[in-house]
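Have a look at the structure below before the remarks.
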Amino acid sequence: MKRLISFALAILAVCALLVLGSSQLRAANGVKADHKLTLYNWGDYIDPALLKKFQKETGYQVQIETFDSNEAMFTKIKQGGTNYDLAVPSDYMIQKMRRAHLLKPIDHKRLQGLQQLNPRFLNQSFDRGNHYSLPYFWGTLGIVYNDQMIASQAIQHWQDLWSPKLRNQLMLVDSARDIMGMALITQGKSVNTTNQADLEQAKKKLQRLMPNVKAIVADEIKMYMAQNEAAAAVTWSGEAAEMMANNKHLHYVVPSEGSNLWFDNFVIPKTAKHYQAIYAFLNFMLKPENAAQNAAYVGYATPNQGAQHLLPASISNDHQFYPNDKVLARLQVYADLGQKMIGVYNDKFLEFKMYPR
Amino acid sequence: MKMHGWHWRHLYLIFVFALLYAPIFYLLFYSFNQGTTMTHFIGFSWRHYAELFADTRMIQIVLDTLLIALLASLLATIIGTLGALVIYQVKRIWLKNSLLSLNNILMVSPDVIIGASFLIFFTFFGFKLGFNSVLLSHIAFSIPIVVLMILPRLNEMRQSLVDAAMDLGATNWQVLSRVVFPFISPGILAGYFMAFTYSLDDFAVTFFVTGNGFETLSVEIYARARQGISLEVNALSTLMFLFALILIAGYYLLTRYTTTKRRQRRYQLEAKIKP
């Protein structure tokens, strides 16, 4: 009995030490009770140096929590019990959150520097007038190819992926909307179609692609492409940028016939509490020098015109990541099609994945 | 023939252990990599350890995780011990069996379901997610394990021990503290360590009930892994592996110490009785 009690006391003593250490670290990180802002963001999606700078300028401490899918974020915010001040969902999810009444409107009068944002990326179908969201980063879906394995002129369009030359040489990102969307574009259809016949046609078209498909994977594409495992891959621009940093033979192309244009936008969820800090942060991130620094760190394309001018010309003139206006005009944004239609897309994609080679 | 069998048996054992430990050692090995991927070993360096110790957020999360594990398993052990005593002294068989089944259901039900139900429970009552919600849920899912570790020990105990103590005029409290607790203390310790490991490596339940800036190690590593695992995580895994090794060694020494001490005491008693 005595031994058990002394054992328990020893554990409590260790616990006390841990509390002390943890609170010391928290104090060193400078978290004060009410002078803070909770940002709910994708992992590694903001330059940590900017957060320090923001704290120095305004005194607000930014706490970051991360999510790994739009759906996980949606559930956590909908369920309540959290107090996220800002979140960064993608386009279709903004529409879904708005329908679920999870968003607070953004007061444009309290924003400074709104004119910095390129009008091309405002007023999108998922949030007309940007009453609920401000663009943070944008990007495209495209083809990454290895110039040692395939000539660049042989792979400029989606249709080129069906070439017999690419047999067992193609990797696809495991995402129903993106891959189905790609097939729809080759057939001149909208990526938001709800026409069953179009979707069936798209699935049939994808099944003819199967002999070329080496793998349908997620984040692993980055590693495989960097290690010359496949000649080409269908993936997102930000992922492509990371691959290209690791292998100089890789190039990214956005097919000129059209592709997906996606956004990650700032929104204020209904759980927000620290409005002063929220607007201070939005204004801070609208400043061209800060947006440019962030874009250089993250590697995605910034919607901030001023920032784009500040970026080195090698980045901002790179048509792989900042496509020209003609291509931009052909890009399509995903709309929230509702749960039932998403189910149809997923089913068709699954049928494609199960199709024998 | 006998030698032959001995040989093969050991080969099989080595094979099984190699299979179990190879992934861990693969991970440990690359924590010393100078490069940043787990595919090419460039050269030896401590840089990922330096990164780890400079990352105060990570260190803080490690401390919080240990705190949760130590505290939750301590409280779960106290509650679980009392629960085991209650189940032990229930005389009606059907009641005892249904209590045990209720306990076992919690053991076998999937973590995801437990986690989701905790999330709904906490948010329904407007409980703020954070340290407290994680602590409470960890205590809750550790209790059944503690009960299961202690009950066999109690069943091993002979009723005559308690009766003898009562005959000699011991009060209820004295019976509990001088007879029952010393007898079941190996079970209590085992229960504590089991609860500790369950709490330390739990992901599914914790994933649901974290929030408001509080995270545990498993959740944080999962969030970071989306970007491709940084070797900082390998460095941390190496340290955690060493920590676990020390813990196991400590537990082994502790139990050996108590059993030899008990044996010594029995010899002394027998020596006193014999002449």
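Quick note: numbers below take in every heavy atom, side chains included, and nothing from hydrogens, waters or symmetry partners. Chain naming here is simple, since letters A, B, ... match the order of the sequence lines and numbering starts at 1 in each.
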inquiry  = What part of L129(B) gets within 4.5 angstrom of chain A, counting heavy atoms only: side chain, backbone, both, or neither?
reply    = both

task = Identify which part of L176(B) has an atom lying under 4.5 Å from any heavy atom of chain A, answering side chain, backbone, both or neither.
result = neither

ask   = Among residues 69-82 of chain B, which ones touch chain A with a heavy-atom distance under 4.5 Å?
value = L70(B), L71(B), L74(B)

ask   = So, for K76(A) and T210(B), which heavy atoms are closest and what is the spacing to 0.1 Å?
value = NZ-O, 2.8 Å

ask   = What heavy-atom pair brings D64(B) and S22(A) nearest, and what distance separates the two atoms?
value = OD1-OG, 2.7 Å

task = Indicate yes or no: at least one non-hydrogen side-chain atom of T123(B) is less than 4.5 angstrom from one of K78(A).
result = no

ask   = Under the side-chain hydrogen bond (donor to acceptor under 3.5 Å, both in side chains) rule, what pairs show up with a residue in residues 186-198 of chain B, not counting sequence neighbours?
value = none

key: For Y279(A), all residues meeting side-chain hydrogen bond (donor to acceptor under 3.5 Å, both in side chains), sequence neighbours excluded   = none

task = May I have the step-by-step check of side chain to side chain contact (heavy atoms under 4.5 Å, CB included) for I188(B) and F7(A), ending in yes or no?
result = CA-CA 11 Å; I188(B) 294 178; F7(A) 185 64; over 6 Å; no

query = What part of L17(A) lies closer than 4.5 angstrom to a heavy atom of chain B: side chain, backbone, both or neither?
reply = neither

ask   = Sequence neighbours excluded, which residues qualify as ring-ring contact (aromatic ring centres under 6.0 Å, His included) partners of F284(A)?
value = F54(A)

request  = Output the option from N246(A), N83(A), T271(A), T75(A) having the highest count of non-hydrogen pairs under 4.5 Å with chain B.
outcome  = N83(A)

